[in-house]
Amino acid sequence: MRWVAGADVATSRFSTWAWAGVVVLRYPDLQVVEEQYGSAELTFPYIPGLLAFREIPLLLDLFARLRHRPDLLLVDGQGVAHPRGLGLASHLGLLLEIPTIGCAKSRLCGYHATPGRKRGSSVSLRETGRTAGRAIGYVLRTKNGVRPVYVSVGHRISLRSAVRWTLACCRGYRLPEPTRQAHLLVNRLRRDAEGSPRCRIRAIG
DNA sequence: GCGACAG
DNA sequence: ATCTTGTCGC
């Protein structure tokens with residue numbers, strides 16, 4: 001394992017504009033070695049279960065410019081823990097042919113117990129419906145006392161490895177570094193473009 | 001019909 | 001996702 005990437009998209013509250021970013025970090029020190037980013041108009045609305053159609057176009061453009069070839073990609077969204085078994089992380093991994101992990105901040109589907117409150121504690125996320133009971137992911141506590149994250153297989157990785165790598169990429173924060181850095185990047189871009197909310201009010205008033 | 005619902 | 005300042009807790 002050498003290059004671990006993270007991807008995220010930030011949206012505007014005023015328009016359909018969005019800022020996307022992909023960061024590549026060196027493992028295991030997790031320092032950012034490359035960033036690719038850009039903004040564009042979103043052409044698809046946010047519909048639970050169809051997030052990939054909204055974010056993938058932007059992210060694919062960024063990966064096309066990437067100088068490093070990631071060994072692993074962590075995505076801010078679900079992998080197979082999806083109603084159709086094909087969340088953003090899985091869809092993206094499939095198109096890029098890169099191993100991916102779905103690392104979402106909240107649940108899309110499935111049910112689960114409450115994991116222990118210590119870092120590393122986890123419980124399985126189980127499918128509902130006819131095939132109820134099958135594990136489709138893990139609800140993992142990445143830091144003591146904070147809300148857990150939803151880890152699921154994205155593409156070309158086992159659930160066990162997905163959980164291990166997610167934990168191995170955490171550095172004291174709730175979100176693993178790849179995803180966290182990507183998140184910081186896109187929000188920085190959005191703020192630079194729109195200005196802070198307070199500034200905006202002062203400009204009007 | 002009703003409630004749930006990644007970002 | 002985005003809004004939004006200070007504040008309670010480890």
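The figures here come from the full heavy-atom set of this structure, side chains too, leaving out hydrogens, waters and symmetry mates. Quick note on labels: first sequence line is chain A, next is B, and so on, each numbered from 1. From a predicted model like this one, the values you see are computed outputs, not experimental measurements.
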Report task. Please state how far atom CD1 in I101(A) lies from atom P in dA6(B), giving the value in whole angstrom units. Result -> 21 Å
Query raised in the report: Base, sugar-phosphate, or nothing: which does G49(A) touch, judged by heavy atoms less than 4.0 Å apart?
Result: base
Query - Within 6.0 angstrom of E41(A) CD, more than 12 heavy atoms from elsewhere - result: yes
**Report entry** Inter-residue atom distance T11(A).OG1 - W19(A).CH2, 0.5 Å rounding
**Finding:** 8.5 Å
**Report entry** Whole angstrom value for the distance that separates P of dA1(C) from CZ of R54(A)
**Finding:** 12 Å
Requested in this report: Return the nearest nucleotide to the side chain of L108(A); candidates are dG7(B), dC5(B), dT2(C).
Outcome: dC5(B)
**Report entry** Distance test, side-chain N/O of N187(A) to OP1/OP2 of dT2(C), below 4.0 Å
**Finding:** yes
**Report entry** Between C1' of dC5(B) and NZ of K105(A), the distance in whole Å
**Finding:** 15 Å
Query raised in the report: Reckon R191(A) has a side-chain N or O less than 4.0 Å from the OP1 or OP2 of dT4(C)?
Result: no
Query raised in the report: To the side chain of P48(A), which of dT2(C), dG7(B), dA6(B) is closest?
Result: dA6(B)
Requested in this report: Measure from CZ on F53(A) to P on dG7(B) and round the result to the nearest Å.
Outcome: 18 Å
Requested in this report: Measure the distance from CD on Q78(A) to C1' on dA4(B) and round it to the nearest whole Å.
Outcome: 14 Å
Query raised in the report: Reckon Y150(A) has a side-chain N or O less than 4.0 Å from the OP1 or OP2 of dA6(B)?
Result: no
Query raised in the report: Using the rule for Phe, Tyr, His and the six-membered ring of Trp, do Y46(A) and dG7(B) stack at under 5.5 Å and under 30°?
Result: yes
Query raised in the report: Considering residues, nucleotides and ligands other than Y37(A), do more than 12 of their heavy atoms fall under 6.0 Å from its OH?
Result: no
Requested in this report: For L42(A), report the nucleic acid contact type (base, sugar-phosphate, nothing); a contact means any heavy atom under 4.0 Å.
Outcome: nothing
Query raised in the report: Take atom OH in Y173(A); do more than 12 heavy atoms of anything else shown fall under 6.0 Å from it?
Result: no
Query raised in the report: Which part of the nucleic acid, if any, lies within reach of R190(A) when heavy atoms closer than 4.0 Å are counted: base, sugar-phosphate only, or nothing?
Result: sugar-phosphate
Query - Interatomic distance where CG belongs to L74(A) and C1' belongs to dA6(B) [whole Å] - result: 15 Å
Requested in this report: For the residue pair Y27(A) and W165(A), categorise the inter-ring angle as parallel (less than 30°), tilted (30 to 60°) or perpendicular (more than 60°).
Outcome: perpendicular
Query raised in the report: Side-chain N or O of S12(A) less than 4.0 angstrom from OP1 or OP2 on dT2(C)?
Result: no
Requested in this report: Pick base, sugar-phosphate or nothing for A10(A), based on heavy-atom distances below 4.0 Å to the nucleic acid.
Outcome: sugar-phosphate
Requested in this report: Using a heavy-atom cut-off of under 4.0 Å over every strand shown, decide if N144(A) touches base, sugar-phosphate, or nothing.
Outcome: nothing
Report task. Choose from dG7(B), dC5(B), dA1(C) the nucleotide whose nearest atom is closest to any side-chain atom of R107(A). Result -> dC5(B)
Query raised in the report: R174(A) has an atom CZ; how far is it from atom C1' of dG9(C), in whole Å?
Result: 18 Å
Query - Proximal nucleotide (of dG7(B), dT2(C), dA6(B)) relative to the D76(A) side chain - result: dG7(B)
Query - Length of the CG-P vector between L125(A) and dC5(B), whole Å - result: 12 Å
**Report entry** Given dT2(C), dG7(B), dC5(B), the nucleotide with the shortest approach to the side chain of E55(A)
**Finding:** dG7(B)
Query raised in the report: Looking at R180(A), Q181(A), H183(A), which one forms a side-chain hydrogen bond (donor to acceptor under 3.5 Å, both in side chains) with D8(A)?
Result: H183(A)
